[in-house]
Amino acid sequence: MILSIGRVGSKAPVRDEAMTIWLKLGVGLAALSIPAVLPQAGYAADAGHPTVVELFQSQGCSDCPPAAANVAAISDRPDVLALSFAVDYWDRLGWRDTFSKPAWTARQYAYAHAMGRDDVYTPQVVVNGRVEGDGLEPAALAGLVSRADRGAGGPSVGFTARAVAVGAAAAPAAGADVWLARYDPRTIEVAVRHGENSGRTLPHKDVVREMVLLGHWWGDAATFPVPDSEAELAEAAIVQAAEMGPILAAAKR
């Protein structure tokens with residue numbers, strides 16, 4: 001079942017709590033200017049400029065496994081950065097998702113607000129912060145990826161040993177947020193005991209564990225220190241227009 005919940009303009013408790021947590025995520029670190037000229041940005045559809053595919057799903061949602069399978073099918077492509085966010089509004093409907101966080105629900109609501117939607121639903125796929133759909137059909141997912149292509153604009157972005165480096169480029173009027181995503185690229189099998197998927201064992205891939213706000217980018221070349229982590233997770237950097245606008249650049253390592 002596809003669950004659609006809450007109006008963005010309402011005072012639903014789930015949104016208020018989630019948005020509060022979202023706004024508290026991370027501490028913006030001051031960017032340090034660097035004189036070095038970084039490589040020029042290229043097209044989104046290559047390994048150096050991956051297309052960002054975000055899946056919002058829940059283990060309690062019976063329509064989510066097909067969308068998750070479709071995203072997983074393209075997730076190992078070098079030109080794709082796939083991230084899976086487990087929302088928490090299904091948790092009260094029979095099964096608590098083992099990966100859910102209110103912050104991921106807040107991220108989905110923030111996208112809804114930015115895209116002029118009145119509600120959120122699962123499964124939902126957001127590509128490059130620009131287009132969204134349910135991802136239930138491979139062809140439809142491919143269409144989202146094509147429509148959301150970033151083209152040749154945006155800054156270069158990459159990792160150094162302990163920082164994210166963003167190159168100089170034209171920035172949006174309100175600048176852009178620099179995010180660090182930490183996620184598990186493995187396929188993790190979860191046995192679901194209740195809810196719509198009761199009795200099924202569901203594979204999960206690219207499960208997001210942390211989203212850290214590194215700082216704000218205004219167009220000049222800058223570096224953003226990466227905090228230490230003891231977890232053995234893959235990392236990706238995302239440069240995204242403020243207020244959950246379009247993704248301008250991304251890199252993974």
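As the structure is a prediction and not an experimental result, all values here were calculated from the model. Atoms considered below: every heavy atom in the structure, side chains included; atoms not considered: hydrogens, waters and symmetry mates.
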Check whether any side-chain heavy atom of [X] lies under 4.5 Å from a side-chain heavy atom of [Y], and answer yes or no.
{"X": "Leu83", "Y": "Trp104", "answer": "no"}
{"X": "Cys61", "Y": "Pro123", "answer": "yes"}
{"X": "Asp228", "Y": "Arg162", "answer": "yes"}
{"X": "Asp206", "Y": "Val71", "answer": "no"}
{"X": "Gln59", "Y": "Arg200", "answer": "no"}
{"X": "Val226", "Y": "Glu235", "answer": "yes"}
{"X": "Pro227", "Y": "Leu214", "answer": "yes"}

In the single-linkage hydrophobic clustering (I, L, V, M, F, W, Y; side-chain heavy atoms under 4.5 Å), do [X] and [Y] co-cluster?
{"X": "Val208", "Y": "Tyr109", "answer": "yes"}
{"X": "Met211", "Y": "Leu233", "answer": "no"}
{"X": "Val52", "Y": "Val131", "answer": "no"}
{"X": "Leu248", "Y": "Val157", "answer": "yes"}
{"X": "Val164", "Y": "Val212", "answer": "yes"}

Report the distance from atom [atom1] of [X] to atom [atom2] of [Y], rounding to the nearest 0.5 Å.
{"X": "Glu132", "Y": "Arg147", "atom1": "CD", "atom2": "CZ", "value": "8.5 Å"}
{"X": "Trp90", "Y": "Cys64", "atom1": "CH2", "atom2": "SG", "value": "7.0 Å"}
{"X": "Thr51", "Y": "Ile247", "atom1": "OG1", "atom2": "CD1", "value": "9.5 Å"}
{"X": "Arg77", "Y": "Asp46", "atom1": "CZ", "atom2": "CG", "value": "11.5 Å"}
{"X": "Thr105", "Y": "Asp91", "atom1": "OG1", "atom2": "CG", "value": "8.0 Å"}
{"X": "His204", "Y": "Phe99", "atom1": "NE2", "atom2": "CZ", "value": "5.5 Å"}

Counting N and O atoms only, with roles assigned by atom type, does the side chain of [X] sit under 3.5 Å from a partner on the main chain of [Y], one being a donor and the other an acceptor?
{"X": "Ser146", "Y": "Gly143", "value": "no"}
{"X": "Asp88", "Y": "Lys101", "value": "no"}
{"X": "Asp97", "Y": "Ser58", "value": "no"}
{"X": "Asn128", "Y": "Ala148", "value": "yes"}

Nearest heavy-atom pair of [X] and [Y]: which atoms, and what distance?
{"X": "Ala165", "Y": "Thr160", "answer": "CB-CG2, 4.5 Å"}
{"X": "Leu81", "Y": "Ala250", "answer": "CD2-CB, 4.4 Å"}
{"X": "Tyr89", "Y": "Gln108", "answer": "OH-OE1, 2.8 Å"}
{"X": "Ala68", "Y": "Gln57", "answer": "CB-OE1, 3.7 Å"}
{"X": "Pro172", "Y": "Ala241", "answer": "CG-CB, 4.0 Å"}
{"X": "Gly60", "Y": "Glu196", "answer": "O-CB, 3.4 Å"}

Ring pair (Phe, Tyr, Trp, His ring centres under 6.0 Å) with Phe56: which residues, sequence neighbours excluded?
Phe85
Qualifying residues under ring pair (Phe, Tyr, Trp, His ring centres under 6.0 Å), relative to Tyr183, sequence neighbours excluded
none
Quick one, Asp63 with Thr122, criterion side-chain contact (heavy atoms from CB on, under 4.5 Å). Give me CA distance, side-chain angles, the key distance, then yes/no.
CA-CA 8 Å; Asp63 282 318; Thr122 56; over 6 Å; no
Check each of Phe224, Trp217, Trp179 against Val239 using the side-chain contact (heavy atoms from CB on, under 4.5 Å) test, and report the only one that passes.
Trp217
Candidate list Leu141, Val126, Val125, test side-chain contact (heavy atoms from CB on, under 4.5 Å), partner Leu55, passing option:
Val125
[X] atom [atom1], over 12 foreign heavy atoms within 6.0 Å:
{"X": "Glu189", "atom1": "CD", "answer": "yes"}
{"X": "Arg130", "atom1": "CZ", "answer": "yes"}
{"X": "Arg253", "atom1": "CZ", "answer": "yes"}

Of Lys252, Lys205, Arg186, which is the lone residue that meets salt bridge (charged side-chain N to carboxylate O under 4.0 Å, His left out) with Asp76?
Lys205
What I want to check is whether the side chains of Gln124 and Tyr111 have a donor and an acceptor closer together than 3.5 Å.
no
